[in-house]
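Just below is one structure, and these are the notes that go with it.
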Protein chains: 4
Amino acid sequence: MKLDYQKITSKVYADIIAKENHGKVPDYIPELACIDENKFGVNFTDLKHNSFGCGDSEEKFSIQSISKVFALSFVYEKLEEKLWERVDVEPSGSAFNSLIQLEADNGIPRNPFINAGALVICDILLEICNNPKEELLSFIRNLTEDEEIFFNEKVASSEMQNSFRNAAMCNFMKSFGNIKNKPDSVIELYCHLCSIEMTCKQLSKSFLYLANEGKKPSGGMQILSSSKAKRINAILLTCGFYDESGEFSFLVGLPGKSGVGGGIIAIYPQHYCITVWSPKLNEKGNSYRGMKFLEEFTTLTGESIF
Amino acid sequence: MKLDYQKITSKVYADIIAKENHGKVPDYIPELACIDENKFGVNFTDLKHNSFGCGDSEEKFSIQSISKVFALSFVYEKLEEKLWERVDVEPSGSAFNSLIQLEADNGIPRNPFINAGALVICDILLEICNNPKEELLSFIRNLTEDEEIFFNEKVASSEMQNSFRNAAMCNFMKSFGNIKNKPDSVIELYCHLCSIEMTCKQLSKSFLYLANEGKKPSGGMQILSSSKAKRINAILLTCGFYDESGEFSFLVGLPGKSGVGGGIIAIYPQHYCITVWSPKLNEKGNSYRGMKFLEEFTTLTGESIF
Amino acid sequence: MKLDYQKITSKVYADIIAKENHGKVPDYIPELACIDENKFGVNFTDLKHNSFGCGDSEEKFSIQSISKVFALSFVYEKLEEKLWERVDVEPSGSAFNSLIQLEADNGIPRNPFINAGALVICDILLEICNNPKEELLSFIRNLTEDEEIFFNEKVASSEMQNSFRNAAMCNFMKSFGNIKNKPDSVIELYCHLCSIEMTCKQLSKSFLYLANEGKKPSGGMQILSSSKAKRINAILLTCGFYDESGEFSFLVGLPGKSGVGGGIIAIYPQHYCITVWSPKLNEKGNSYRGMKFLEEFTTLTGESIF
Amino acid sequence: MKLDYQKITSKVYADIIAKENHGKVPDYIPELACIDENKFGVNFTDLKHNSFGCGDSEEKFSIQSISKVFALSFVYEKLEEKLWERVDVEPSGSAFNSLIQLEADNGIPRNPFINAGALVICDILLEICNNPKEELLSFIRNLTEDEEIFFNEKVASSEMQNSFRNAAMCNFMKSFGNIKNKPDSVIELYCHLCSIEMTCKQLSKSFLYLANEGKKPSGGMQILSSSKAKRINAILLTCGFYDESGEFSFLVGLPGKSGVGGGIIAIYPQHYCITVWSPKLNEKGNSYRGMKFLEEFTTLTGESIF
């Protein structure tokens, strides 16, 4: 029996919006704190070019850490497996431990999706690109087939002014030799990546290559080798949701990534990408409604990688 | 194109046995240390009752931590989601931190596959069973359709005499109220579970319910609800290989579980279970040849959950 | 100008008793929780046999961890410097870290006054004594010149039933080979030592050997070599008050030791020992009034080792 | 009987120089690594203006962390007890934990002698001084009665280029609000303080105020109140030697401070200050010969604060 994804999506959207919206919008980035906290959008896009949305699915929001998946894909394709000399692929256990673990592991971050790991990826971008900001933006625009994707300079600048903990990690890794550029440059690039703004619809489309063995479904361009695409999915599953990665794997069962802007992308390999956006975050820093939506969605479809 | 699993299995087996056998047999359990370290067996069994093996696939070995998957399945079906009040589903980050994390998390272990978590599962078995050892053995015999599965009392007793670290964790959790029985009884049961002996062939058959949405393929008995079977697979993926869970997910891409006896089971949902046994362990405590075999096997089949 | 210690003691006693009594009596040992929380006693005894008290200075209370100083003195004199192969002399930094540090330091406790260290001392007592309980009691009776010093069996038994965290540490150290006897025997002895009951007057007298280069002032018996007595004072100063050792050194400036029964002893080398008892404990587990009393006392005398 | 300190000093100097010189010169600051590792000087100066030295006692060396005692004294006298809102007075337990503890303690360093604490002191200097470098140099010149005390700009600059770990801590504390100035300015000042060069003779003289209840012996100027001088001695005793503070207290029994330049100062309150310099450091980062010298010296004099 074929599932009617549009009907399921609409039903779950209606269910979730009818319930109380818990959690809170993070306040450590002033530019993000002023968002309307009841924004709620969903987009579903599959490999056959079906795409539909609910709610605020075509409104741009700050994708924040979701951009780490783009940055990793870009760098992984260039460095191949040599990349893993500088960053590992293990879950971090807990935010609480991140600096301890950097010490225990001689400056090698646990995975590319914790901040320390993403800083190393940014450091590599600075090494291999002439103009990393523009090249990464081009990469994402190509995936999305949409030129209208930009950094939000106000957000980037707001984050740079509140980046002392990232500066701590960056300097700490540099003391172990695992940051090659100036910490300030690394953080400047990192804050720009976090500031990228996209809609749910753009995000779902852009990430289809991870559902499609590394190929863009329209046009067929190979973004990453099939093996690399699968490996990124594997890291998303074990590390995509900070301390809640196990919970997301347990409840939703799809590779995915969240950002503190309230966005979550989830990938069902061979089939589709689904994006949810709702700004209020649960205690672990993941979108409250985003988690609820995806849990109910996979319960109704019965589809997960397990 | 249909894959010839038997041919692939034989080829990979031949490849791996031709290479040097690294790692070492653990020496902290005297009864296990005297194993022939070049034993090497593989068994593949699918949902259509195809089963074939290579090497020592019908020789019994100590399944050790693989038994934690049976114990979890048994307890989960009885306690339903209430189980997760006493144990979490998050990766532990690192062996090194286990006692810290118990402290930070008020005696709630990170997941049911680290020792602390399995001790809690044993504590629950003592609460809900009249005769936990016999009931668990029956559960496994039913899954395997084979009465010839036993504890090795010598191994159990050898482990009990070297269980001070487990006793430390058990007493520590009891100080938080998360162990209800006497620590000595919990450890006695735990050491017995670890001492179960099975062959690769028995293991592959017994775990088919996790590839089959909770149902035994022969007879169709529902061991666990479909949702619970998938959730156990999710935990296996994020937590089945200690500090190397991310690496296994990355390289192999299947839910699985290892034991210090050198066994590894891996599950391809909807399809099959494959078991490897080779006693020499790598630095993270997982079978050296087992890991190599499964990495090459999934590379050749191109099959993973991602 | 000669100080009038009796006048100062009375004045400080009156000052402190006039102020509110903060903190709380610990409730984890039921037998201790029923103490009258307004008990307050002080005794000052010097090397010239002057002794005077205020308040409940001749009422017995549970000396708890203060007994660790007796146990250390007893064992140190027998093992000489070889003792330090099994326990270190460094401050522990923080209660929170104790289990981590045992792991990092291969089962060697930071110092003899944290629980882990005192458990090792008890283990040594079991090795070197035929009847450790009686021999330790004799040692204390001799120091005090008073046969009326006993264990409180009810308190000992109450502690044994709440000793899971100590059992955790004891088993953990045994896994590193730093406990030689059965953990249960070590804990049984440890809980007995904690249960010893003495008065402020008895305590001040008994500890004069630490103010007198290791000699009992009456009779002149050498309990410990002069060098060892000084070294115990040094450890008391850096480690006698758990996480508040630095604070006590800073505010009071004398070697001392506290117990969760509300007692504190402080030693002014070459001069005297002063004991305070008041059951309500501050957040760090040290007697609230005891700390306040000694801070004001040394402020008025102007005497400290610095 | 009066001790002949000069004779004892000469004898111990001869004993130590006759034995092998263990340890190694630290190599992380290139400018310091080129020192002649067999330099060895001692100076003894008492409150009655007796002063004598052995060996290289009038050769300047990099005092490194010893300058933290000057900086603390300077700041403590100005801020009074309010200072302790920003830094604690507890031993740190272990170098290994410093970043964990900053996290657990919300950015408040354990004490003013670990790097994190000294960075906070430098931050305060930047707040309260117009020209902190010159004012601190004046403070030290006044104590020493010698204008010939300078920063070594080459050393300061060498340290600044290797300060990533300090930058990590500084940014981390700033994320908690416990650094008010720019991290770069704090580190620039910190590295200058470390680079001060003095001789053993100058150091002994300069620190007499800590042996003299806060007063300079010549002239009688009150540098610090008596209570504050004693409290600094108390912190020196519990925290002056990193992870070896307990050991120094145990073996030597005097308040003191070491620097990675190989210097150690030790204070015997009411009497004298003794300084040793020998560049090779033991495993804990303290001068190998310095520790040995002071251990033997206090054994022969029989003098300690205990």
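Bear in mind the structure is a predicted one, so any value in this text is a computation, not a measurement.
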Exercise for the section: Pick whichever of A/K230, A/E247, A/E90, A/E244 has the most heavy-atom pairs under 4.5 Å with chain B. Expected result: A/E90
Exercise for the section: Could you tell me whether B/K228 and B/E80 have a side-chain N and a carboxylate O separated by less than 4.0 Å? Expected result: yes
Handout entry: Salt bridge flag under 4.0 Å for residues A/R231 and A/E81
Key = yes
Problem - Option in A/A234, A/S227, A/G302 with maximal non-hydrogen atom pairs under 4.5 Å from chain B - result: A/A234
Show me, pair by pair, the donor-acceptor contacts under 3.5 angstrom made by side chains of residues 264-271 of chain B, not counting sequence neighbours?
{"unit_1": "B/Q270", "atom_1": "NE2", "unit_2": "B/E213", "atom_2": "OE2", "d": "3.3"}
{"unit_1": "B/H271", "atom_1": "ND1", "unit_2": "B/P269", "atom_2": "O", "d": "3.0"}

Problem - Carboxylate-amine/guanidinium proximity below 4.0 Å for A/D123 and A/R86 - result: yes
Problem - Option in B/L254, B/V89, B/T238 with maximal non-hydrogen atom pairs under 4.5 Å from chain A - result: B/V89
Problem - Region of B/L251 in contact with chain A, defined by heavy-atom distances below 4.5 Å - result: both
